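All ligand and atom numbering here is 1-based and tracks the order in the structure. From a predicted model like this one, the values you see are computed outputs, not experimental measurements.
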Amino acid sequence: MNGVGILWVDIDTQHAAAARRLIAARYPDWRVVNSPTPETAKAPLASQAWDAVVLCLKPSDQELPGLLELCAGRPVLMCIDAAQEALAARAFRCGLGDYVLRETDGAAHLSELLNRLVALVQGAQGRGKPVRMVDARIWQEALTMLQEQRSALQATLASMSQGIFKTGPDGRITVYNERVLELLNLPESLMATRPTLADLTRVQAERGDFGEGYSLVDRRGHDYVAQGAVASAPALYWRTTRDGRTFEVRTTSLADGSLVRTFADVSDYVRVENELRESEARFRSLSDLSSDWYWEHDAEGRFVQLAGDLSVNGIPLSDVMGRTRWEIGALNMTDADWAAHRAVLAAHQPFRDLELQRRRADGSMHWISVSGVPVFDANGALRGYRGVGRDITERKQVESQIERLAFYDSLTGLPNRRLLVDRLQHATAAVARSGTQGALLFIDLDNFKDLNDTLGHDTGDQLLLQVAQRLKGCVRESDTVARFGGDEFVVLVEGLSADPAHASAEAALVASHITTTLGKPYALGDASHHSTPSIGIALFGQQTVSVDELLKHADLAMYQAKAAGRNTQRFFDPDMQAAVSNRSALEADLRRGLQEKELVLYYQPVVDGKGRLQGAEALVRWRHPRRGMVSPAEFIPLAEQTGLILPLGQWVLETACAQLVAWSRSSLTRQFFLSVNVSVRQFRQPDFVEQVLGVLDATGANPERLKLELTESLLMADVEDVIARMEHLRRYGVGFSLDDFGTGYSSLSYLKRLPLDQLKIDQGFVRDLQTDPNDAAIVRTILALADSLDLAVVAEGVETTGQLEFLQRYGCKAFQGYLFGRPMPAEVLERALRPAL
Ligand SMILES: Nc1nc2c(ncn2[C@@H]2O[C@@H]3COP(=O)(O)O[C@H]4[C@@H](O)[C@H](n5cnc6c(=O)[nH]c(N)nc65)O[C@@H]4COP(=O)(O)O[C@H]3[C@H]2O)c(=O)[nH]1
């Protein structure tokens, strides 16, 4: 190619010089004219013929058409920045010329430029005509279209959630979006250098983005990345970032050797997938390990899925799939129950613990419990239900056993107190609603204890069983017969007349029927036994009475029946209630009195035959703020029933011991003993012995001066224990006296073994001993007996000298009674005795 003329328009003089040098070296006969600006190029363009014009400028989109026009149809080669490539490519695809991309620093592109320039000039010469000139209008349209497409492409790239870049055929990245910079954490400045994939991979590897040994790149991409992204890329691989995000990397190779790569952040997908996998695994291990099963049914309630341990269910799968729960059926469900269940399903409500009893193929019964929740599709339409089922047969068995134990009497199988109270609660509410009345019959078997004691518990149980049978026969199916324990039964009768008088008559009739039925002889083993009941009746209707009160009423009435001679029936009487109320008021009062220290100890002298004081009996009094001095006969029995006797007895013991200590300080009173009454309940306390020793220790009283008065009723049970305790205390010197001797148990065999010091003849025998030969004989016998057992005797209630003489005549040596002194405060006793002393 000779004599080629080139107009070189170049604002960069160094670049222009470099080009000139290269051209001079390769094509020495070429004529190259430089022009630094388009303005200065105008003249040579207009005046001379050029084979090609080289534009090394940075024209804007708007300037480019004018520039090309200036070239007036001559072949144009543009040397431009990469950023303008799209514009230039578009322009030159119309046949205007060619372009090369300019190296930002350096002139390595000049060689390529020269090659292209040669091709361009040859092409133009080959065609024999100058390159077609595009008129400005067409150009403008092309440019506008180009700009529109370009901004559309930019907007598309910018709005993509994926990161994307494209390389040119030379392997350099020419197109990319913001998102790829963000995802890969790359600076824009790096992209501006048009890096290759290898460059990018190196930067990331140096930062440790791929992890130790490229472990953050999955199997598919591992080798490619590890080898520096120089080989051909896999179409798809995943990589993880150091902060735990996961990218899906897709590569598409294009025909010209370029490629497009996308980066999608699939972290959420991976997380959800992991969670799903975990939850699947959890579900699977749960259903594998547990004895529950999983089910699903469709919107019509037909089973479509069952998984887990179905062996307990005992129903073949084939019988379940495709059928509804209500088609399979359950023994415990009525039509109404199923309707209620289906209503829950129809309302798309979840359901919990639906308990179903079924019969297995082998005939055995079993219980299952089913819970489910509705499942909806994406549009909110019901797809069906899913849930779990569980075998609860064992639990049901235990429950019914517990119920039996909790609500039924183990001997007779009758409802127990708890169940009766429950039914009574319902009954009281029901009668209040219906306007009818009900009756509660409290039944106690007369003398049952004797039977038990004499013939043994087994025989007693037999009787109770027969009584239970007979009672059930006396009432309607709807009435309740309950056993309260021991020989106490309660019958609850409902549906009596609304008229009180009529209802009373009906209840009395039931009671009479019971009396007659229970009064018939019982066959107990070989023997025939006769038993009678005492029945207390309490009616209930409109008036609001609590269940507790009702039971108390019937109980009280029963005691009235007993008091009236047994084998009879009594209705609850409100006066009786008043007495009971007084009693509970008294109890509260006594409790308060104890706290307020209203109790005082009186002392009644005990003298010898010559009237000389030997000691005294401590007798408690209640100095009531309103009622004055209250006798122990009024409050001691109550204190015994309520347990108040325990703190009371302790206080008496402490006060008496303190008195002994006071007496011990004077030689005149030092010899006195003091008797203290000890009630059965007090003595039976497990730590009674320790309590007494503790009081003696705390007060410093001399145990030898203390006498504990026990009553015969203490000997009714566990005599061995009584003896052991007495002996224990006796070792410390404490004496014992048997009070009210002759009135109670008086078993001589025990009497011999008890470590007693004295007997006290009950004042009941002393009172009439001069007029009642019987009493006189008893007193004589007691004195003789005491003599033979070497026990001292104190006669109580001595009021007359006649009594004293009689007692003395038969050997009695100690006396207590009004004849010698009433119970009195300690200081009065001391004062009264002082002259004699
Ligand atoms: N008619 C008549 N009665 C006489 C005569 N001499 C004494 N008495 C009364 O007979 C009772 C004798 O006491 P008790 O048999 O131990 O009978 C006592 C005793 O069982 C009990 N008691 C009194 N104080 C205590 C106590 O501190 N603890 C316990 N557990 N019971 C006590 O209360 C019962 C009644 O005590 P008190 O009313 O003080 O009645 C005393 C006394 O006042 C007499 O010549 N004629």
>> Looking at Arg591 and Glu587, is there a salt bridge between them, counting it only when a charged N and a carboxylate O are closer than 4.0 Å?
In response: yes
>> Under 4.0 Å and counting heavy atoms only, is there anything from the protein next to atom 25 (C) of ligand 1?
In response: yes
>> Would the distance check show the side chain of Glu617 and the main-chain N or O of Val606 forming a donor-acceptor pair, the cut-off being under 3.5 Å?
In response: no
> Who gets closest to atom 37 (P) of ligand 1 by heavy atom: Pro632, Gly649, Ala618?
Replying inline: Pro632
> Can you tell me which residue and heavy atom of the protein come closest to atom 12 (C) of ligand 1, and the distance to 0.1 Å?
Replying inline: Glu796 OE2, 3.7 Å
> Do the ring planes of Phe484 and Phe442 sit parallel (below 30°), tilted (30 to 60°) or perpendicular (above 60°)?
Replying inline: perpendicular
> Taking everything shown except Asp790 itself, do over 12 heavy atoms lie less than 6.0 Å from its CG?
Replying inline: no
>> For ligand 1, which is the ligand I care about here, please tell me if Gln763 has any N or O atom under 3.5 Å from one of the ligand's N or O atoms.
In response: yes
>> To check your reading of the model: name the closest protein heavy atom to atom 1 (N) of ligand 1, its residue, and the distance in Å.
In response: Glu799 OE2, 3.3 Å
> What residues, two or more places apart in sequence or in another chain, satisfy side-chain contact (heavy atoms from CB on, under 4.5 Å) together with Asp409?
Replying inline: Leu411, Thr412, Arg483
>> Students should be able to answer this: which protein heavy-atom is nearest to atom 6 (N) of ligand 1, and at what distance?
In response: Gln604 NE2, 2.8 Å
>> Using a 4.0 Å cutoff against the non-hydrogen atoms of Ser679, which atoms of ligand 1 qualify?
In response: 30 (N)
> Going by distance alone, is a donor N or O of one side chain under 3.5 Å from an acceptor N or O of the other, for Glu830 and Trp663?
Replying inline: yes
>> Just to confirm my output: which protein heavy-atom neighbour is closest to atom 29 (C) of ligand 1, and how far is it?
In response: Asn677 CB, 3.4 Å
> Is there a donor-acceptor contact under 3.5 Å linking the side chains of Glu654 and Gln650?
Replying inline: yes
>> Checking the side chain of His530 only, and the main-chain atoms of Gly519 only, is there a donor and an acceptor separated by less than 3.5 Å?
In response: yes
> Can you list the ligand 1 atoms lying under 4.0 Å from a non-hydrogen atom of Ser631?
Replying inline: 38 (O)
> What protein heavy atom sits nearest atom 43 (O) of ligand 1, and how far off is it?
Replying inline: Pro823 CG, 3.3 Å
>> Just by distance, no angles: are the side chains of Asp446 and Thr532 close enough, under 3.5 Å, to form a donor-acceptor pair?
In response: yes
>> Any protein heavy atom at under 4.0 Å, with atom 46 (N) of ligand 1 as the reference point?
In response: yes
> Does Arg621 have a heavy atom less than 4.0 Å from any atom of ligand 1?
Replying inline: yes
> So is there a nitrogen or oxygen of Val620 less than 3.5 Å from a nitrogen or oxygen in ligand 1?
Replying inline: yes
>> Hydrogens and angles aside, do Gln770 and Asp775 bring a side-chain donor and acceptor to less than 3.5 Å of each other?
In response: no
>> List the residues meeting side-chain contact (heavy atoms from CB on, under 4.5 Å) with Lys597, not counting sequence neighbours, and say none if there are none.
In response: none
>> Does any N or O of ligand 1 fall below 3.5 Å from an N or O anywhere on Tyr818, backbone included?
In response: yes
>> Given Leu601, Val798, Leu619, identify the one with the heavy atom nearest to atom 42 (C) of ligand 1.
In response: Leu619
> For ligand 1, which atoms sit closer than 4.0 Å to a heavy atom of Val652?
Replying inline: 27 (O)
>> Under a 4.0 angstrom heavy-atom cut-off, which atoms of ligand 1 come close to Gly817?
In response: 6 (N), 45 (O)
>> Tell me whether Lys760 reaches ligand 1 (any heavy atom closer than 4.0 angstrom to a ligand atom).
In response: no
> Do any nitrogen or oxygen atoms of Glu640 lie less than 3.5 angstrom from nitrogen or oxygen atoms of ligand 1?
Replying inline: no
>> If you count heavy atoms of other groups shown closer than 6.0 angstrom to CZ of Arg623, is the number above 12?
In response: no
